[in-house]
Structures are given as structure tokens and as C-alpha cells.
Amino acid sequence: MGQRADEAAREAVDGPTDKELLARHVAGDAFAFSELVHRHQQRLWAVALRTLADPDEAADALQDALLAAFRRAATYRGEAAVTTWLHRIVVNACLDRMRRRAVRATVPLPAEEVGPATARDEISDRERSLDVAAALATLPADQRLALVLVDVQGYPVAEAARILEVPTGTVKSRCARGRARLLPLLAHLREGNRDGDESVPSPMESPDLEQPRSQRPGRDGGVQ
Amino acid sequence: MTRAEPFPHLDADAVADLGEDLLDPAEATAARQHLASCLRCRELAAALDDVRGRLHQLPTETVPAAVTARLDAALAGERSAGAAASGEVAPARPVPTLHGARARAGERRSGRSGSRAPQWLAAAAAVTMLLVGGSFVVRGLELSGMDAATSGSAVQGAPESATDGGGAEDSAATPAPPAARGKASLRQRAGAPVPVLASGRRYLTSALPTQVAALLGDAASVADRAGTQGMGGPDGSESPGPRGPAAGSPFAFDADADLLGRRGEMGELGPLFGTQRLAACLDALPDSAGRRALAVDLATYAGAAAALVVLEVPTDSSITEAYVVGPGCRAGDPQVRSRAYVPAP
């Protein structure tokens with residue numbers, strides 16, 4: 001199946017591109033912007049939620065951002081992808097929120113109820129997620145944003161750099177520092193079972209193991 | 001090993017920087033040499049990998065319905081404020097609900113490039129839609145549930161398909177061209193069958209980019225073979241016999257996978273090894289509407305059976321989106337274990 005045929009089929013099914021939608025919105029199409037939002041709100045929500053670690057704040061930030069994008073659409077110059085531009089606006093709205101609420105001693109955990117009678121593993125998975133999300137929320141904003149985009153959301157470093165409007169090296173550095181900072185905060189998760197593998201003592205506590213662990217995932221640079 | 005370390009122990013920052021290739025060459029060489037001989041620092045590196053893995057395993061929280069509704073309402077308010085300010089006639093019912101917006105999205109998506117309605121027609125359609133309201137939504141839902149067999153013939157114009165909804169008003173709502181089709185399901189949208197492999201590979205969050213690239217390479221050869229031989233799916237209900245061409249099957253099962261499936265050796269992934277189940281699973285993935293699946297691999301993740309699904313990213317051809325899903329992946333519960341955007345090969 002030729003690539004061109006694929007593209008033609010995709011075009012027929014997917015309809016207007018993001019840029020076309022944004023242009024229609026600027027030209028007065030009343031519903032183009034809503035469609036754009038529905039296409040991407042899942043990812044934008046995930047970024048806001050993981051960055052702010054609070055669903056109410058995330059909803060506020062997302063609303064601020066989308067209204068700003070709605071109004072500012074005419075200033076979009078098309079040099080970045082529309083998704084990049086939208087992410088940038090969401091990120092800035094999150095930063096605004098963080099500044100506004102200033103420094104707090106503790107960051108509220110997402111108010112989530114524990115589901116009814118789930119299996120033991122699922123509960124501990126959930127607890128682990130809450131721990132990780134809370135630890136992430138203790139990081140400085142720049143490190144947190146870099147990690148949310150690259151590690152949590154899995155965006156390529158180059159895309160995160162475009163969103164954050166910094167060089168890729170800066171994103172890498174923020175990610176590296178953020179991970180190092182999370183290390184002690186998440187060490188307790190490592191002492192239990194890891195992915196169902198045999199348990200491994202924390203590196204800080206047992207420096208003199210005899211055998212290296214087999215099948216250690218390669219330290220490839222991941223994305224990029 | 002305990003005496004005369006070739007380099008003092010590395011701290012977490014240094015190991016993290018090394019992982020991101022941020023050390024200068026001399027430092028990096030020294031650090032690598034040290035890592036090669038120092039278990040403690042290797043464990044530190046592993047722990048940092050683990051941090052990364054844990055971040056990546058944070059579950060994807062879907063947008064709460066209340067938030068979606070709130071965003072829709074805020075945008076609607078913005079829209080009518082803008083219309084009022086510019087002297088246009090504000091819509092009588094200014095709240096394009098969540099469902100209204102989705103129905104419109106479905107309609108737009110079905111539009112052919114090059115044959116789009118002029119702006120004023122789109123505006124007329126918008127107003128009409130507000131008049132017919134609910135019936136439009138009903139129509140959208142019906143279309144979205146339409147079967148592959150019928151939707152193909154209903155693509156063009158199709159005013160007759162509108163008669164069950166809003167009658168005369170509804171057919172007036174069709175100046176926006178091809179108004180049918182709605183949300184195409186993953187099954188029918190793939191021009192070519194989706195290659196399904198059973199590599200049994202152990203997927204790792206930290207290695208997903210490399211592993212997905214390898215998978216897509218394998219998938220391409222499966223797809224080629226499927227193209228020439230007409231491979232069928234293993235689903236008894238849809239595939240007439242062993243190796244049957246299964247015309248229109250949405251999946252091309254790799255020979256190995258097919259064999260294992262027939263022998264019942266798919267282990268925990270057995271439930272996913274069927275055309276209908278797999279299609280339902282793909283459709284259940286968040287935001288999968290209108291996107292092509294590039295490959296499926298039955299494999300393991302975090303020590304348990306899992307399937308890797310690679311979806312195209314329609315807005316950015318330089319990346320693909322990889323989902324790791326559990327064996328019970330189904331409508332309403334895709335069991336997403338991990339997810340990453342990875343560079344397209």
C-alpha cells in the first residue's frame with residue numbers, strides 16, 4: 001500500500017489540519033476552535049494535571065489557557081505546530097498558577113477516592129502513582145515541566161524544547177537534575193517489588209553487592 | 001573492587017547528566033570507566049532509570065466530563081461575547097454543548113479536502129444545527145456506530161440518511177458537504193490491514209523508542225507479505241479457514257503469531273488474539289478516533305503479558321504514539337500500562 005494512498009485516505013478521514021482549523025477560527029468559523037480543543041484536550045489536560053498536581057487548579061489553568069488561545073489565535077504565526085503553540089500556552093498558564101499560589105509547604109494531593117475492593121496490586125500501584133505525582137510536585141517549576149513533558153508524557157526532547165522555548169540542552173539538563181532530585185524521594189518505592197522482578201536493595205544502602213543485576217535496561221538516551 | 005577506584009564515586013547529578021550526554025567528553029569517559037567497575041554507581045544509574053520509568057508509568061488521567069463541559073461552556077461564552085461585540089447576530093442558543101461540539105467535529109472530519117463549504121455555508125450550517133439541536137446529535141451518534149460495510153456507501157451527500165432525524169430541517173443542514181460517515185472506527189479506516197506480531201519482546205519504558213523502531217521494521221515486512229499473500233485473521237467467525245484470505249480483515253497476523261494463536265499458546269494474551277477483540281481494544285484507546293494503527297505486538301511489559309500498539313499521530317508525522325495495554329484491553333477499559341510518543345522511523 002503506497003504511502004501516498006495512505007495519506008490520501010487519512011486526509012479524507014481526518015479532515016482539516018490543525019492549522020486549517022485555526023485559520024477558520026480566525027476567519028470567524030464559530031466551531032473550528034472547539035474542534036481543535038476536542039482534538040487535543042486530553043494531552044493538554046494531562047500536562048496541566050501532572051504539572052499542578054491538583055485537578056481544580058489544572059482545570060482553571062486549562063480554561064485560562066484555552067480562552068487565551070481563543071483570543072490570541074490571530075497572533076499564531078505558523079512557525080510551530082499548532083499543538084506546540086497550544087502546549088506553550090497551557091504551560092504558561094500553569095506557571096502563572098504556580099506563581100500565584102506561591103510557595104507552599106505542602107502540595108495538595110489530588111483528591112481521589114480509593115476505588116472499592118481492588119486487588120492488592122492495583123491498590124499499591126495506585127499508591128505508588130500518588131507518591132510519584134506528589135514527589136514530582138515538589139520539584140522546581142522548570143524541572144517539573146521538563147519531566148512532565150519528556151518523562152511523563154513521553155514527548156521528544158526537541159518538542160519539549162519548542163514548547164518551553166529553551167534549547168534542547170536545557171531541557172536535558174532540567175530533566176537530569178529533576179530525576180536526580182526525585183531519586184531520594186522515590187527510593188522507598190524501589191525497596192519493594194519492582195515490576196515483579198526480584199527485589200533490589202537501594203543503591204545508597206548496599207554498595208557492596210557481589211553480582212551485578214542482569215538484564216539491566218540499556219542506558220540509551222531514550223528519545224532523541 | 002574495593003580498593004583504588006579509578007575515579008571517586010559519582011553523585012546522582014553526574015550520573016543523570018551522563019545519561020543525558022551532558023558531561024564534557026573527558027568527564028564522560030572517566031565516568032563511564034568508573035561505572036564499568038563500580039557496582040554501587042551502576043545501581044545509582046539503575047535507580048535513576050527507575051525514576052524515569054516511574055514517571056512514565058503515571059497513569060493517563062482522562063479529562064473529567066465536568067471539566068470538558070466547563071471548557072465548552074467557557075468557549076461558548078467567549079464565542080457569543082465575540083459575536084455580540086462585532087455586531088453579529090448572537091445565536092439564540094449560545095451553548096454548543098459537549099455533544100454538539102463532538103457531533104460537529106465528526107461532521108467536519110468527514111469533509112473531503114478541496115470540497116469544503118465556503119465560510120458562509122459553514123455558518124449557515126451552524127445556525128441550522130442550533131435549530132435542529134438534539135436530532136443532529138442523535139444522527140451523529142448513529143453515524144458513529146455505523147458499521148464498516150454500510151458507511152462506505154453512505155459517504156457522499158446522503159440526504160436520505162438524514163430523514164430519520166430532523167426531517168426537512170435536517171436535510172437543510174447538509175449544505176456542508178459529505179455529511180455522513182461520522183467517526184470512522186479504527187477497523188475500517190486502515191487502508192491496509194494492521195500488522196499483528198507476537199514477538200514476546202520484553203518492552204521497557206526506557207527503551208521504547210528503540211524497541212518501537214524495531215517493531216515497525218518487522219511490521220513493515222509482515223504488511224508486505226500480507227499484501228502479496230492475503231493473510232487472514234485467526235478469528236473463527238471472520239476467517240473462513242486456515243490461511244484464508246479473509247477479505248477485508250483489518251489485521252494481518254504474522255505467521256508466527258498465527259501459529260501460536262492456533263495452538264492456543266498465546267498465554268495470557270489469548271483474549272487479545274482475535275480480530276474482534278483486538279479491534280475493540282484499539283477503538284478503546286484514548287483519542288484513537290480517526291487514527292491509523294501502525295502495528296500491534298503481543299509481548300510482555302513489566303513482567304506480565306501485554307500488547308504494544310503503535311498509533312500514528314495525525315498532527316505530527318515525525319512521531320508515533322505507543323501504548324502498552326494489558327491482556328484485558330476492551331471497550332471502556334483499555335488497561336493502558338504505559339504510553340509514549342516515540343520518533344517515527
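Throughout, a chain's letter reflects where its sequence line sits, starting with A, and its residues are numbered from 1.
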**Asked** Picking from A/E159, A/R181, A/K19, A/R43, which has the most non-hydrogen pairs under 4.5 angstrom with chain B?
**Response**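 Option with the top pair count is A/R43.
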Sort [X] into side chain, backbone, both or neither according to what part of it lies under 4.5 angstrom from a heavy atom of chain A.
X: B/D17; value: both
X: B/L58; value: both
X: B/V67; value: side chain

**Asked** Looking only at atom types and distance, does a side-chain atom of A/Q42 sit under 3.5 Å from a main-chain N or O of B/V63, one as donor and one as acceptor?
**Response** yes
**Request:** Answer yes or no: is there a donor N or O on one side and an acceptor on the other, between the side chain of B/Q57 and the main chain of A/V152, under 3.5 Å?
**Result:** no
**Request:** Check whether A/D60 gets within reach of chain B through its side chain, its backbone, both or neither, counting any heavy atom under 4.5 Å.
**Result:** both
**Message:** If I measure from the heavy atoms of chain B, does A/T83 come under 4.5 Å with its side chain, its backbone, both, or neither?
**Reply:**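 The answer is the side chain of A/T83.
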**Message:** For a quick test of reading the model, state the closest non-hydrogen atom pair linking B/A74 to A/L67 and the distance between them.
**Reply:**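 Looking at all heavy atoms of both residues, the shortest contact is O-CD2, 3.7 Å.
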**Prompt:** Which heavy atom in A/R50 sits nearest to a heavy atom in B/P59, and how many Å separate them?
**Reply:**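 Of all heavy-atom pairs spanning A/R50 and B/P59, the closest is NH2-O, 2.7 Å.
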**Asked** Taking the side chain as C-beta and beyond, is there a heavy-atom pair between A/H38 and B/D72 under 4.5 Å?
**Response** yes
**Message:** Counting C-beta onward and ignoring hydrogens, is there a side-chain heavy-atom pair between B/L44 and A/L183 closer than 4.5 Å?
**Reply:** yes
